[in-house]
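Contents: one structure, followed by commentary.
Note on naming: letters A, B, ... go to the chains in the order of the sequence lines (proteins, then strands), and numbering restarts at 1 for each one. In this text, all values refer to a predicted model and were calculated from it rather than measured experimentally.
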2 protein chains.
Amino acid sequence: MSKRTEKTIVDIAEELKLSVSTVSRALNDNPNISARTKDKVKKMARKLGYRPNALAAGLRNNKSKTIGLIVPRISMFFPATISTIIQNKLQEYGYNLIICQSNDSYDQEVALVNTLYSARVDGLVVSTTLYTTDFSHFDVFKDNNIPLIFFDRVPKDYNVKVIKGDDYVGGYTATTHLIERGCKDIVHISGPLTCNLYVERVSGYKHALQENKLPFKKTRVFYQELTRDNAWQACEKIFAQTPYPDGIFASNDTTAITIMEYCRKINVRVPEDLKIVGYSNDPRTEIVTPPVTSVDQYPAMMGERVVAALMELITNQASATAPRYSQEIIPIQLIARESTAGTVKTGGKKK
Amino acid sequence: MSKRTEKTIVDIAEELKLSVSTVSRALNDNPNISARTKDKVKKMARKLGYRPNALAAGLRNNKSKTIGLIVPRISMFFPATISTIIQNKLQEYGYNLIICQSNDSYDQEVALVNTLYSARVDGLVVSTTLYTTDFSHFDVFKDNNIPLIFFDRVPKDYNVKVIKGDDYVGGYTATTHLIERGCKDIVHISGPLTCNLYVERVSGYKHALQENKLPFKKTRVFYQELTRDNAWQACEKIFAQTPYPDGIFASNDTTAITIMEYCRKINVRVPEDLKIVGYSNDPRTEIVTPPVTSVDQYPAMMGERVVAALMELITNQASATAPRYSQEIIPIQLIARESTAGTVKTGGKKK
DNA sequence: TTGATTTTTGCAAACGTTTGCATTACATTA
DNA sequence: TAATGTAATGCAAACGTTTGCAAAAATCAA
């Protein structure tokens with residue numbers, strides 16, 4: 001309840017008739033402080049209830065032992081999983097993590113970048129907004145040589161450290177899988193093309209079609225934020241007229257699952273009449289009926305790589321030779337489940 | 001790339017031949033700085049690429065404009081939703097949020113509390129570990145009169161501001177619902193009793209049984225961490241011998257959903273043979289078949305109340321009269337879905 | 001005992017702000 | 001023009017650390 005309680009190293013010094021510098025060094029286990037003194041100091045610190053002030057230390061050292069993380073939203077499976085990994089991993093290195101969500105708003109992202117810079121984070125990790133195409137708000141970090149890493153949703157044409165999934169291969173693999181299961185008329189529901197990873201998946205989709213001599217039809221591709229509502233609306237368009245598609249490749253699992261619900265409602269059978277592939281391998285894909293085929297992106301691996309790269313950047317911050325940017329690609333894996341089982345009745349023989 | 005770039009208010013002052021104090025005040029829109037000067041200062045700040053140093057300001061002001069949040073894990077629906085709300089709401093007030101996860105480890109929780117204190121957060125919001133029964137690590141915050149709020153998983157016998165769900169009523173309502181639907185032999189899968197909210201739900205369960213003259217049997221209650229694996233194992237015990245229960249009240253949705261999967265595997269029909277109620281109203285309850293009845297805890301409301309209470313505490317921090325603690329209870333609502341539809345065949349007539 | 005090392009400690013500046021108080025500049029009135 | 005009041009600015013200390021350098025203390029060798 002007392003007001004002026006905050007003990008500082010000065011208090012410890014006075015109590016022990018030592019200088020503050022000695023106390024500071026003792027607390028930091030500086031090698032040229034005698035073991036006896038260290039002991040005394042630490043005991044007294046405990047006795048007085050001393051709590052280090054990270055702000056003061058940060059100001060002096062010009063480092064905060066804090067990393068900033070900006071993701072679109074932490075309630076989505078993929079960023080949530082990665083955030084968890086990053087946080088737990090960073091803790092091992094003695095770093096704090098400030099997790100922030102941009103809510104897919106460009107303006108919020110800009111604001112967050114600025115406040116995180118003000119907080120003098122020692123590094124920034126970002127998965128951008130769906131709509132971020134101008135990256136100049138990150139320049140502060142680049143210009144001041146503060147470790148900056150993008151993952152998953154990464155910039156195009158902006159030189160920086162990048163760790164991303166293999167989205168082209170993901171799109172290609174998902175589509176090829178549907179084709180192998182006999183699909184001839186495959187709809188693709190993509191995210192907005194302002195986000196480069198969707199561009200890559202679309203191009204994987206396109207390539208797979210070509211390779212199998214299937215036509216690419218503009219009307220069979222939807223570009224939209226991959227929400228439940230949008231998925232439902234897309235379904236209403238898709239199933240408003242015949243012929244129905246026999247396969248759908250959705251660029252996230254929420255969309256895939258919503259499509260399944262719609263199909264149940266209108267009595268389209270999955271996988272018999274329609275096969276569905278999602279993306280991200282959200283655990284929800286396993287609990288719905290039928291379970292949904294999806295593309296695993298190895299979020300744990302990605303998270304670990306992010307932290308590893310971050311630590312590398314922090315360590316080599318001084319050295320001018322160390323490369324500031326590079327691209328690292330995390331593999332994907334298709335997880336086949338019941339939603340793409342069997343072979344479409346109209347389809348040819350299985351390859 | 002340059003090394004010594006960081007501009008400070010001193011640089012602005014020199015450039016403009018003003019004193020640092022004037023610059024500081026100008027940037028903070030202090031009323032007794034002329035409009036003309038403010039303008040000049042802000043222009044110059046922009047021109048030089050000045051970025052405020054929150055560490056320095058925080059040190060001087062003894063406030064960081066940052067709030068700490070500790071939750072068991074952000075990948076769970078309930079804490080994730082609340083974290084989102086809290087973060088977005090705090091942003092409106094100009095506060096940063098440091099989201100941390102204890103991973104349900106007491107030791108990690110203690111460590112986090114200490115580092116967050118070191119970071120001199122202006123407030124701390126906590127949902128504790130399943131196993132936190134000693135709360136003395138939070139004393140630092142209480143003793144130094146720093147706003148401290150617990151939500152959902154809150155301490156017992158520790159005087160502090162608390163915002164919790166109505167867990168007693170939740171347990172009572174869920175159980176009563178099952179009884180109304182004709183269940184006579186209801187299993188309850190609870191979390192560990194070290195966490196008080198489960199104690200309350202159990203007592204609600206018990207009360208509902210009593211009220212309906214149904215026996216409370218110890219063998220029908222399981223206390224365990226509510227994970228998928230544990231749920232599966234519990235099922236193996238439950239269905240190892242007859243008679244099977246005709247109702248299960250699970251204290252989270254992961255457990256409820258896993259039970260349903262198990263039932264499908266052993267050909268127990270839900271809801272015909274067995275009715276299931278979960279807890280938290282995780283969106284997953286809607287996408288499984290059949291959809292699972294659950295207890296909504298109004299996470300958005302809870303998040304908003306947390307922030308409101310926090311802001312109140314911060315504002316009244318000085319006033320000695322303002323109450324430091326109190327308990328606020330957020331209502332619950334049962335969302336009936338197909339998993340409890342109809343009436344158990346063996347059961348009496350529906351009320 | 002002395003001098004030379006080595007180990008341990010202390011001094012004082014610095015990190016970038018904010019703010020109480022003092023001072024200056026300006027405007028107003030008589 | 002002088003006196004007065006108000007508006008605008010400046011000085012300097014303070015927030016709690018860390019650290020280069022200097023100084024003191026302890027250890028060792030001769």
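- Look at A:Arg73 and A:Asp104 and you find a salt bridge, because one of the NZ, NE, NH1 or NH2 atoms lies within 4.0 Å of a carboxylate O, short of that distance.
- Atom P of nucleotide C:dC15 and atom CZ of B:Arg60 are separated by 18 Å, given to the nearest angstrom.
- The interatomic distance linking B:Leu16 (CG) with D:dG10 (P) rounds to 10 Å, in whole Å.
- Each salt bridge (Lys or Arg N to Asp or Glu O under 4.0 Å) pair with one or both residues in residues 33-50 of chain B, not counting sequence neighbours, appears once here: B:Asp29-B:Lys38, B:Asp29-B:Lys42, B:Asp39-B:Lys43.
- The CG atom of A:Asp11 sits 9 Å away from the P atom of D:dG16 (whole-angstrom rounding).
- Among the atoms of the strands shown, none is found under 4.0 Å from any heavy atom of B:Arg36.
- Comparing B:Arg25 and A:Ser21, the nucleotide of DNA chain D nearest to each residue sits closer to the 5' end for B:Arg25.
- Ion pair A:Lys164/A:Asp152 not flagged as a salt bridge, since none of the NZ, NE, NH1 or NH2 atoms sits closer than 4.0 Å to an Asp/Glu carboxylate oxygen.
- What separates NZ of B:Lys38 from P of D:dA8 is a distance of 9 Å, to the nearest Å.
- Backbone-only engagement by A:Lys17 is indicated by non-hydrogen atom pairs under 4.0 Å involving sugar-phosphate atoms exclusively.
- In summary, B:Glu6 and B:Arg51 do not engage in a salt bridge, as defined by a charged side-chain N under 4.0 Å from a carboxylate O.
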Under the salt bridge (charged side-chain N to carboxylate O under 4.0 Å, His left out) criterion, do A:Glu328 and A:Arg305 qualify, and how do the steps go? CA-CA 9 Å; A:Glu328 201 169 313; A:Arg305 289 304 306 143; 2.3 Å; yes
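- Under 3.5 Å, the side chains of A:Ser21 and A:Ser24 contain no donor-acceptor pair of N or O atoms.
- If you measure from atom CG of B:Asn28 to atom P of C:dG16, you get 17 Å, rounded to the nearest angstrom.
- Using a 4.0 Å cut-off, some side-chain N or O of A:Ser34 falls inside it from OP1 or OP2 of C:dT9.
- Annotation: of the two residues near DNA chain C, B:Leu59 and B:Thr22, the 5′-most nearest-nucleotide partner is B:Leu59.
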Check nucleotides 26-28 of chain C for protein N or O atoms closer than 3.5 Å to its own N or O atoms and list the pairs.
none

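- Toward the 5' end of DNA chain C, the nearer of the two residues A:Val20 and A:Ile33, judged by each one's closest nucleotide, is A:Ile33.
- Between B:Ile9 atom CD1 and D:dT9 atom P the separation is 15 Å, expressed in whole Å.
- If you check every strand for non-hydrogen atoms under 4.0 Å, A:Leu55 touches nothing.
- For B:Thr37 and D:dT9, the shortest distance from a side-chain N or O to OP1 or OP2 is below 4.0 Å.
- For A:Phe150 and A:Phe138, the gap between ring centers is short of 6.0 Å.
- In this structure, the NZ atom of B:Lys63 is 18 Å from the C1' atom of C:dG16, given to the nearest Å.
- Rounded to the nearest 0.5 Å, atoms CG (B:Leu97) and CD1 (B:Ile86) are 7.0 Å apart.
- Regarding contacts with the backbone of C:dT19, a side-chain N or O of B:Asn61 is found under 4.0 angstrom from either OP1 or OP2.
- The residue B:Asn32 sits close to a base: some heavy atom pair falls under 4.0 Å.
- The phosphate of C:dG10 (OP1 or OP2) has a side-chain N or O of A:Ser19 nearer than 4.0 angstrom.
- Between the P atom of C:dC15 and the NZ atom of A:Lys65 lies a distance of 22 Å, rounded to the nearest Å.
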